[in-house]
Amino acid sequence: VKSEGPKLVPFFKATCVYFVLWLPTSSPSWFSALIKCLPIFCLWVFLLAHGINFLVSHRSASRILAGLIFSAVGDAFLIWQEQGYFVHGLLMFAITHILYSSAFGMKPLDLKAGLLMGVVSSCSYAFLYSYLSGPFTYLVAVYTALIGFMGWRAIAGMQLCNDLWTWTKLSACIGAMLFMVSDLTIALNKFCFPVPYSRFIIMATYYAAQMLIALSAVETRDEEDFRKRS
């Protein structure tokens with residue numbers, strides 16, 4: 001953690017800039033899109049700082065980087081969501097969750113975790129269903145399934161019962177859960193009812209989630225460094 005912390009300083013600074021400026025969402029602009037995406041850009045740099053060779057040789061890390069790229073595009077679309085770009089943002093984040101799921105992998109399977117996430121995702125969609133209409137009835141269903149699947153793969157990777165978890169796997173798990181909280185808050189606020197302090201909750205959990213998921217990509221590098229020192 002100590003070795004990775006300094007590389008995250010630009011991310012923390014960019015996040016502070018976003019919350020300090022707190023640009024109004026009523027007047028979207030390219031500048032507001034830049035400020036919103038800046039912390040995610042810093043996470044690109046965080047992963048790239050580990051070396052191109054590392055990203056090329058470790059598919060999980062490169063897929064997380066790709067997910068961060070699609071996330072930034074999704075963030076930009078959501079700046080103009082009231083102008084009809086909400087679905088575009090939804091699509092970008094759906095691709096992000098597919099990439100993250102692929103990065104977390106399918107081993108171990110952990111069907112109990114899958115069942116748990118299936119129940120959570122189903123209950124969430126069941127609550128939202130009565131508020132949805134038109135294409136959103138299907139789009140939200142697919143999106144909920146994708147982010148629930150991503151959460152399952154993140155939880156399964158921890159292997160708490162086998163005492164095989166690492167701090168990076170824990171980061172992926174917590175990050176996935178925070179991402180779900182962020183997206184559920186978006187859905188409740190957009191389709192159901194106004195959520196108090198919704199923007200703060202959405203962005204705080206979102207940035208924390210992305211940082212933790214980006215941190216999970218460095219696990220293979222840590223293992224290699226440990227073997228070299230041994």
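- Defined by atom type and a distance below 3.5 Å, a donor-acceptor pair is missing between the side-chain atoms of Tyr206 and Asp183.
- Here Phe46 and Phe11 keep their ring centres 6.0 angstrom or further from each other.
- Considering only residues two or more places apart in sequence or on other chains, Phe19 meets the ring-ring contact (aromatic ring centres under 6.0 Å, His included) condition with Trp22, Phe200.
- Under a 3.5 Å cut-off, the side chain of Trp44 and the backbone N or O of Leu68 do form a donor-acceptor pair.
- In terms of heavy-atom proximity, Met203 sits nearest to Lys36 at CE-CE, 3.9 Å.
- Panel note: side chain Trp152, backbone Leu109; a donor-acceptor pair is recorded below 3.5 Å.
- Counting non-hydrogen atoms of other residues, nucleotides and ligands closer than 6.0 Å to CZ of Phe193 gives a total above 12.
- Proximity of a side-chain donor or acceptor of Thr96 to a complementary backbone N or O of Gly67 within less than 3.5 Å is detected.
- Ring to ring, Phe136 and Phe191 are close: their centroids are under 6.0 angstrom apart.
- For Ser182 (side chain) and Ile202 (main-chain N/O), a donor-acceptor pair under 3.5 Å exists by modelled atom type.
- Residue pairs meeting the side-chain hydrogen bond (donor to acceptor under 3.5 Å, both in side chains) criterion with at least one member in residues 108-131: none, sequence neighbours excluded.
- The two residues Met180 and Gly151 make their nearest non-hydrogen contact at SD-CA, 4.5 Å.
- Between Ser60 atom OG and Phe104 atom CZ the span is 9.5 Å, to the nearest 0.5 Å.
- In terms of heavy-atom proximity, Ile155 sits nearest to Cys173 at CG1-SG, 3.8 Å.
- Aromatic ring pairs are classed by plane angle as parallel below 30°, tilted from 30° to 60° and perpendicular above 60°; the pair His88 and Phe77 is tilted.
- With 3.5 Å as the limit, one finds a donor-acceptor pair spanning the side chains of Arg63 and Ser102.
- Rounding to the nearest 0.5 angstrom, the gap separating the SG atom in Cys37 from the CD1 atom in Ile79 is 7.0 Å.
- Judged by the 6.0 Å distance and 45° axis criteria, Lys190 is positioned over the aromatic ring of Phe86.
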